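Have a look at the structure below, then the notes.
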Amino acid sequence: MSELTVSVLANKNSQLDTNSVTRLLINTRCIVCGTAFPVSRAGKLYCSSRCKQFAYNHPNEIGQALARRERGINPTPISFYIDDYNDYCSIQRMVKRFKELEKKRKEWDALSQEIKLSENVGIPVRNYVWDHYVRDKLTGEEESELYHYQCNLDEYVQELNIKELSIEQWTFIKHQYPDLNMNEFFLLSASLSSEFMNQLKLREAGSEIDDQFYAIRNKFVNHCNLIAEGIIKFVNKPEVNKD
């Protein structure tokens with residue numbers, strides 16, 4: 001059963017023509033916070049009085065959410081390439097590691113410069129400076145690793161703070177911006193605020209609801225439900241025939 005299905009029940013006792021029907025919403029989750037109901041029932045929309053009060057104070061948002069859900073009772077299946085997600089994660093880890101090594105190298109260069117200046121003016125070098133100078137120097141393996149990243153990562157990508165995304169978060173953002181190429185998606189990922197990213201998480205029942213980000217969080221919960229129901233699928237890219 002999808003998260004929100006429609007049961008069409010004919011009212012046999014109605015004086016109207018026999019084609020008249022009553023549409024009853026059978027909801028499996030709270031329309032506000034996304035908490036699953038132990039038992040799905042027609043007309044049940046809220047898990048608590050707090051969520052009911054929230055809906056009362058936000059009638060427009062709740063009405064839009066119900067309308068969107070009804071229109072999406074039988075959503076079209078969507079497929080994402082798992083290979084694209086793996087590529088994203090691989091580059092995100094490479095950029096993160098590059099930044100760690102680059103920071104370490106710059107810190108060692110600064111210590112090296114400090115030691116030279118101290119020796120030039122006859123000032124004794126402090127012991128902790130020597131300790132860090134010896135300890136923080138890049139190993140030969142780290143030097144090779146840093147060089148590899150410098151050669152294989154575009155310069156503008158090296159400067160980005162690309163977000164680490166779960167596959168649910170990645171597909172959610174991809175679904176909103178399907179036409180972005182990989183480099184454009186990296187730029188978008190690096191630009192997303194921490195406030196936005198905090199909404200792309202599944203929270204336990206009873207968690208605080210931030211009115212400002214209600215629409216984002218509720219949309220993400222619905223996205224995760226579509227994954228759980230198999231509407232959103234993950235597939236491998238088809239092999240390219242080189243013949």
Side-chain angles (χ1 to χ4, degrees), residues 2-4 27-37 45-48 50-51 54-55 57-58 60-73 75-97 99 157 159-235:
S2 62
E3 176 191 340
L4 185 65
N27 199 4
T28 62
R29 293 179 180 272
C30 175
I31 188 66
V32 174
C33 69
T35 299
F37 298 137
L45 297 178
Y46 315 113
C47 66
S48 65
R50 185 184 65 179
C51 287
F54 181 93
N57 293 330
H58 300 79
N60 292 334
E61 291 90 337
I62 296 300
Q64 292 171 6
L66 286 171
R68 286 195 300 270
R69 287 173 176 227
E70 186 168 347
R71 288 195 300 269
I73 291 167
T76 303
I78 306 169
S79 294
F80 291 93
Y81 290 135
I82 190 69
D83 312 72
D84 289 343
Y85 175 67
N86 289 336
D87 289 343
Y88 174 89
C89 292
S90 176
I91 294 178
Q92 188 272 333
R93 288 191 294 266
M94 287 175 63
V95 171
K96 181 180 179 180
R97 179 59 175 162
K99 289 181 176 296
V157 173
E159 301 299 322
L160 297 177
N161 291 313
I162 301 174
K163 301 290 190 302
E164 181 178 354
L165 301 176
S166 68
I167 196 167
E168 295 87 358
Q169 294 168 332
W170 179 79
T171 52
F172 177 78
I173 299 170
K174 287 283 287 186
H175 194 195
Q176 310 309 310
Y177 303 94
D179 297 327
L180 296 183
N181 61 36
M182 181 172 286
N183 288 338
E184 292 170 337
F185 190 83
F186 287 145
L187 183 60
L188 173 63
S189 170
S191 302
L192 295 174
S193 68
S194 58
E195 291 82 6
F196 179 86
M197 292 304 303
N198 284 337
Q199 305 311 308
L200 304 190
K201 297 177 182 178
L202 295 177
R203 292 175 171 80
E204 296 180 358
S207 299
E208 290 292 330
I209 300 174
D210 191 331
D211 292 8
Q212 182 180 0
F213 299 107
Y214 157 75
I216 299 173
R217 182 171 180 273
N218 197 57
K219 195 168 187 178
F220 179 67
V221 170
N222 291 336
H223 178 83
C224 292
N225 290 335
L226 293 178
I227 293 175
E229 294 158 7
I231 303 299
I232 294 177
K233 300 178 181 294
F234 307 110
V235 299

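Source: prediction; values computed, not measured.
With sequence neighbours excluded, no residue forms a ring-ring contact (aromatic ring centres under 6.0 Å, His included) with F80. Partners of Y85 according to the side chain to side chain donor-acceptor pair (under 3.5 Å) rule, which considers only residues two or more places apart in sequence or in another chain, do not exist here. Residues passing the side chain to side chain donor-acceptor pair (under 3.5 Å) test with Q176, sequence neighbours excluded: K219. Evaluation of the side-chain contact (heavy atoms from CB on, under 4.5 Å) rule for S194 yields no partner, not counting sequence neighbours. Scored by the side chain to side chain donor-acceptor pair (under 3.5 Å) test, D84 finds K237 as partners (sequence neighbours excluded). Every residue meeting the side chain to side chain donor-acceptor pair (under 3.5 Å) condition with E168, not counting sequence neighbours, appears here in chain and number order: S166.
Side-chain atoms of Q199 never come within 3.5 Å of backbone atoms of I216 as a donor-acceptor pair (strictly under, hydrogens ignored).
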Practice problem: Mind running side chain to side chain contact (heavy atoms under 4.5 Å, CB included) on I82 and I167 for me, showing each step along the way? | Solution: CA-CA 9 Å; I82 190 69; I167 196 167; 3.4 Å; yes
Practice problem: With side chain to side chain contact (heavy atoms under 4.5 Å, CB included) as the test, would you mind laying out the steps for I231 and N225 before giving the verdict? | Solution: CA-CA 9 Å; I231 303 299; N225 290 335; over 6 Å; no
Quiz item: Between L192 and I173, does a side chain to side chain contact (heavy atoms under 4.5 Å, CB included) hold up when you go through it step by step?
Solution: CA-CA 10 Å; L192 295 174; I173 299 170; 3.5 Å; yes
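Checked options E164, K163, K174; the residue passing with Y88 is K163 (criterion: side-chain contact (heavy atoms from CB on, under 4.5 Å)). When F172, F196, W170 are each tested for a ring-ring contact (aromatic ring centres under 6.0 Å, His included) with F220, only one passes: F172.
When all heavy atoms are compared, the tightest approach of L180 to E184 is CA-OE1, 3.4 Å. Heavy atoms only, all atoms of each residue included: L200 and Q169 are closest at O-NE2, 2.7 Å. Here the closest heavy-atom approach between residue L165 and residue C89 is recorded as O-SG, 4.5 Å.
Distance check: T171 OG1 to K233 NZ gives 13.5 Å after rounding to the nearest 0.5 Å. Atom-to-atom distance recorded for M182:CE and L187:CG is 14.0 Å, nearest 0.5 angstrom.
Between N161 and K99, the closest side-chain pair of non-hydrogen atoms falls below 4.5 Å. Counting heavy atoms from C-beta outward, V157 and I162 have side chains that approach closer than 4.5 Å.
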